[in-house]
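Below, chains carry the letters A, B, ... as their sequence lines are ordered, and counting in each starts from 1. Heavy-atom basis, side chains included; hydrogens, waters and symmetry copies ignored.
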Amino acid sequence: MDLIKSIEAQQLKENPENFRIGDTVKVYFKIIEGQTERIQIFEGLVIAINNSDVRKTFTVRKMSYGVGVERIFPLHSPRIDKIDVVRRGRIRRAKLYYIRERVGKAAKVPELIRRKDSKKKKAV
Amino acid sequence: MLGLIGKKVGMTQIFDERGVLTPVTVIKFEENVVVADRNEEKNGYNAAVIGSVDRKKKHVSKPYGGQFGELAPKKYLKEMRDFDESVSVGDVLGVSLFKDYAFVDIEGTSKGKGYQGVMKRHGFGGGRSTHGSKFHRGLGGTGMAATPSKVQKGRKMPGRMGGVKTSVQNLRIVKIDEEKQVLMVKGAIPGPREGMVIVKKAKKK
């Protein structure tokens with residue numbers, strides 16, 4: 001089994017997971033069209049993280065012209081150029097599938113605001 | 001025919017050169033040694049006998065161990081007819097043999113499934129499970145009446161399933177790791193993990 005682990009280890013990126021569930025992220029995804037390569041940005045809410053190691057994936061949901069679009073990205077895919085966090089979310093569960101049934105304002109995740117002084121206290 | 005004896009390590013997923021996540025089976029090659037070189041004059045046909053996985057001399061019978069001469073006895077032996085490359089006894093072969101090929105055929109012993117019914121073993125449709133049906137997973141009729149008043153030979157029936165030699169053809173080579181002596185092919189191959197498999201160059205490509 002160790003041989004498989006070592007093969008998988010070659011594929012892993014270092015610390016690719018700079019976001020959490022509930023965050024709004026921009027995924028810079030490389031698209032190869034014949035010879036040319038371009039980057040497409042997919043921006044939305046991270047509603048789930050599944051599996052582990054090379055198989056680890058995350059689901060991003062966005063509203064596109066009033067239709068919900070979800071896309072599952074393999075976290076360690078070489079086609080992901082980078083992931084930017086646009087907004088942190090305050091959430092209380094690991095999977096945000098309930099968002100699918102909500103419309104409008106109810107489908108929002110409140111922003112996570114960290115108080116500055118609480119951080120300082122920990123440091124001291 | 002070009003071929004080697006390998007060991008199925010297991011399955012995983014890797015990103016191929018286009019960045020597509022591909023399911024692969026990992027096959028490990030222990031030292032593959034040419035045990036005998038058979039030729040037209042002496043044996044009436046050309047072949048190379050390949051052995052893999054060393055055993056101790058005291059663990060094999062004398063007649064079996066005798067054929068190895070100076071070499072250590074091998075656990076697995078396979079004769080490859082008309083070996084594509086010229087080899088001599090004692091040569092050590094590895095994955096690099098498959099460097100120029102894109103596809104391989106793999107031969108192994110499938111996992112034993114025990115005594116199975118006709119639905120699993122032969123893919124029969126079976127009957128309805130509800131609405132008063134009394135026919136569920138059985139095989140139905142097995143033949144005609146007074147003529148011929150016997151069941152034809154070869155009738156598909158329940159019985160032992162699996163544990164037989166199985167081949168899978170045209171598996172794409174995704175990656176070759178010479179350092180680890182590992183070959184990765186797309187898709188599944190027969191047999192359990194740690195099972196012995198024979199990897200050959202694809203016959204139909």
* Structure fact -> For Lys175(B) and Gln10(A) the tightest heavy-atom approach is NZ-OE1, 3.2 Å

* Structure fact -> Between Lys180(B) and Ser6(A), the two heavy atoms sitting closest are CE-OG, 3.3 Å

* Using non-hydrogen atoms and a 4.5 Å limit, figure out which bit of Val182(B) sits close to chain A: side chain, backbone, both or neither. => side chain

* Structure fact -> Honestly, the part of Met184(B) sitting under 4.5 Å from a heavy atom of chain A is side chain

Please say whether more than 12 non-hydrogen atoms of neighbouring residues, nucleotides or ligands are located less than 6.0 Å from [atom1] in [X].
X	atom1	value
Arg20(A)	CZ	no
Arg38(A)	CZ	yes
Arg18(B)	CZ	no
Gln13(B)	CD	yes
Arg90(A)	CZ	no
Lys13(A)	NZ	yes
Lys165(B)	NZ	no
Lys57(B)	NZ	yes

* For Arg55(A), is it the side chain, the backbone, both, or neither that has a heavy atom closer than 4.5 Å to a heavy atom of chain B? -> both

* What residues of residues 69-77 of chain A sit under 4.5 Å from chain B when you count only heavy atoms? -> Pro74(A), His76(A), Ser77(A)

* Does anything in residues 25-37 of chain A get under 4.5 Å of chain B by heavy atoms, and if so which residues? -> Ile32(A)

* Asked: Applying the side chain to side chain contact (heavy atoms under 4.5 Å, CB included) test to Leu3(A), which of Val9(B), Thr12(B), Asp177(B) qualifies?
  -> Val9(B)

